[in-house]
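Here the structure comes first, spelled out in structure tokens, and everything after it is commentary.
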Amino acid sequence: MKNNVTVVILAAGLGTRMKSRKAKVLHEAGGDTLLNHIVRAALQVAEPERIVAVVGHQAAKVQASVKTPGIRFAEQTEQRGTGHAVLCAREDVAAAEGLLLILNGDGPLLRAETLLALVELGSRATGEPTLGGAIVTTRMADPTGYGRIVRDERGMVAAIVEQKAASLEQLNIREINPGLYCFQSELFWRHAGELTTNNPAKEYYLTDMVEILARHGHSILPMPVEDETELLGINTRVELALADKILRARKSRELMLAGVTIENPDSVTIDVDVEVGMDSVLEANVHLRGQTRIGAGCRIGTGSVMRDCDVADEVTILPYVVADQAVVRARASIGPFTRMRLHADAGEDSHIGNFVELKKTKLGQGSKAGHLAYLGDSNIGAGVNIGAGTITCNYDGQKKHTTEIGEGVFVGSNSTLVAPLKIADGAYIAAGSTITTNVEEDALAIGRTRQVDKPGWAKKRRQLTASR
Ligand code: UD1
Ligand code: CA
């Protein structure tokens with residue numbers, strides 16, 4: 001079926017009602033842009049090379065925001081209506097045979113199953129001169145703002161009447177046009193030139209194509225969809241928030257059905273592309289963002305926020321871990337209150353505890369940094385113990401420098417490691433040291449002033465203050 005379908009996505013509008021400097025399709029719900037959600041669904045019915053997004057407002061930004069390679073773009077420099085937008089893609093798609101699927105760019109809740117069903121219904125029109133195609137319809141409790149579906153006596157769609165042009169009687173129609181169309185491509189382009197701006201908005205209305213085709217004897221099959229929420233078009237931030245809520249609930253449900261336990265599912269925030277393995281447990285108020293991947297049998301503690309992280313199997317993330325682009329290997333235990341960023345990498349069976357920050361740092365297998373440390377630009381081997389209060393001084397005010405720590409090193413508490421620095425395998429750093437030069441294998445390095453004891457000093461001081 002895929003090689004018979006061309007998709008045009010309308011994404012050139014600004015979306016005035018969003019009250020935003022940003023083009024509407026760039027706004028995000030469920031962890032991705034409105035446009036990427038539509039593209040995701042479109043990919044289920046067409047090859048990327050046969051998907052064309054019509055862009056206009058902030059064309060370059062919109063184009064850059066699309067993640068799928070191979071998608072094509074057409075430009076509509078002036079927004080003269082949805083019909084005009086499709087005409088702008090003419091060069092890219094008019095030669096393509098088969099079905100022309102046109103999708104509004106502001107309906108992120110659309111499910112691939114619905115598109116597949118629409119294409120299937122549209123296929124019935126193929127080679128059938130009395131049929132022009134098929135469109136999705138739904139009944140809205142409040143149809144305000146949507147185009148109303150006018151049916152003929154055979155139940156076919158005879159016309160779509162826009163809110164502004166509708167008669168009082170038509171305004172009472174609750175069956176509406178959600179903006180998902182499937183036309184016989186050849187018929188569509190044969191008659192597309194007949195679109196006019198003869199309407200109150202002085203725009204080229206794509207919706208007029210239904211009436212135009214009907215006039216030429218090609219009727220349009222309606223495809224009623226029960227669940228109106230799936231067809232919500234986003235025009236304001238209130239609808240954006242609603243779409244976000246629905247997408248997140250969908251994502252949580254999908255994960256739960258795939259074997260993930262989610263405590264208090266309404267409280268978690270999981271982006272569309274996130275993956276979580278079987279038997280993992282997400283505690284309440286967890287945020288999993290971007291391209292985060294969590295393995296099987298993990299536990300993610302409450303309040304943790306992870307973006308673009310790669311977490312292997314059997315990992316424990318204790319509460320309130322904030323991690324960005326971090327890698328956590330099998331069976332590691334992180335947190336509570338750990339910060340990991342910029343390719344921090346916690347090795348297998350390693351442990352990172354509270355108030356430890358790792359930046360661009362690799363912590364080897366089985367190594368531990370249990371409390372209160374800053375480890376930046378470091379490469380730390382296996383079996384290392386980083387004492388509480390250890391700081392890598394990676395910045396000299398101008399440049400960042402690296403710290404290399406070999407295998408089996410013991411770094412005593414409150415050590416200050418001034419980079420660039422190498423501490424070789426098996427070395428031992430005395431607590432409270434400031435280390436500025438390389439430490440050789442198996443050596444002990446002490447970098448602090450020697451302790452001086454003055455017997456009786458304290459007692460004498462007490463006597464002095466008492467006699468005053
Ligand atoms: C449109 C339909 C309406 C339907 C509703 C569903 C028309 C005339 N009306 O109305 O029947 O009920 O969608 O949500 O089509 N766009 C462009 N270029 C333009 C104008 C719009 O690319 O010149 C894009 C927008 O970016 C948007 C989509 O087309 O993604 C729909 O445009 P919008 O202005 O939201 O149409 P509605 O008034 O909602
Ligand atoms: Ca709209």
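In each ligand, atom 1 is the first atom listed, and ligand 1 is the first ligand listed. For the single chain, residues carry numbers from 1 onward in sequence order.
Of the heavy atoms in H84, none comes closer than 4.0 Å to ligand 1. Contacts between I176 and ligand 1, counted as non-hydrogen atom pairs separated by less than 4.0 Å, are absent for every part of the residue. Proximity of A85 to ligand 1, defined as any heavy-atom pair under 4.0 Å, is confined to the side chain (atoms from C-beta onward). Heavy atoms of K24 found under 4.0 angstrom from ligand 1 belong exclusively to the side chain.
Of the possible polar contacts, none joining the H84 side chain to the E203 backbone as a donor-acceptor pair under 3.5 Å is found. Side-chain atoms of E283 come within 3.5 Å of backbone atoms of T302 as a donor-acceptor pair (strictly under, hydrogens ignored). For Y395 (side chain) and G397 (main-chain N/O), a donor-acceptor pair under 3.5 Å exists by modelled atom type. The closest donor-acceptor contact from the side chain of N379 to the backbone of T361 lies at 3.5 Å or more, if one exists at all. When atom types are taken as modelled, the side chain of D152 and the backbone of R154 share a donor-acceptor pair closer than 3.5 angstrom. Between the side chain of R72 and the backbone N or O of V52 there is no donor-acceptor pair closer than 3.5 Å. Counting only distance, with no hydrogens or angles, the side chain of R250 and the backbone of L109 share a donor-acceptor pair below 3.5 Å. Checked by atom type and distance alone, the side chain of Q79 pairs as donor or acceptor with a backbone atom of Q76 at under 3.5 Å.
Side-chain contact between M306 and M340 is absent, with no heavy atoms from C-beta onward closer than 4.5 Å.
In the vicinity of Y146, heavy-atom distances shorter than 4.0 Å reach the ligand 1 atoms 6 (C), 12 (O), 14 (O). Each of the atoms 23 (O) of ligand 1 lies under 4.0 Å from some heavy atom of R80. Heavy-atom proximity to E162, at under 4.0 Å, picks out these atoms of ligand 1: 2 (C), 3 (C), 7 (C), 8 (C), 9 (N), 11 (O).
Relative ring orientation between H191 and H218 is described as tilted, the plane-to-plane angle lying within the 30° to 60° band.
Of the options N199, N104, I234, the smallest heavy-atom separation from atom 5 (C) of ligand 1 is shown by N104. The closest heavy-atom contact to atom 12 (O) of ligand 1, among the options L14, N177, L206, comes from N177. The heavy atom nearest to atom 32 (O) of ligand 1, considering only L35, I160, T82, V161, is found in T82. Between the choices G13, A12, G81, the shortest heavy-atom distance to atom 19 (C) of ligand 1 belongs to G81.
Distances shorter than 4.0 angstrom occur between a heavy atom of A11 and an atom of ligand 1. Close to ligand 1: N235, with a non-hydrogen atom less than 4.0 angstrom away. Residue V54 places every heavy atom at 4.0 Å or more from ligand 1.
Residue-to-ligand polar distances keep Y205 apart from ligand 1: every N/O pair is separated by 3.5 Å or more. Of the polar atoms of T207, none of the N or O atoms is found under 3.5 Å from an N or O of ligand 1, judged by distance alone. In terms of polar-atom proximity, G147 is counted as a contact of ligand 1, with an N or O under 3.5 Å from an N or O of the ligand. In terms of N/O distances under 3.5 Å, ligand 1 is approached by G105.
Defined by atom type and a distance below 3.5 Å, a donor-acceptor pair is missing between the side-chain atoms of D377 and H401.
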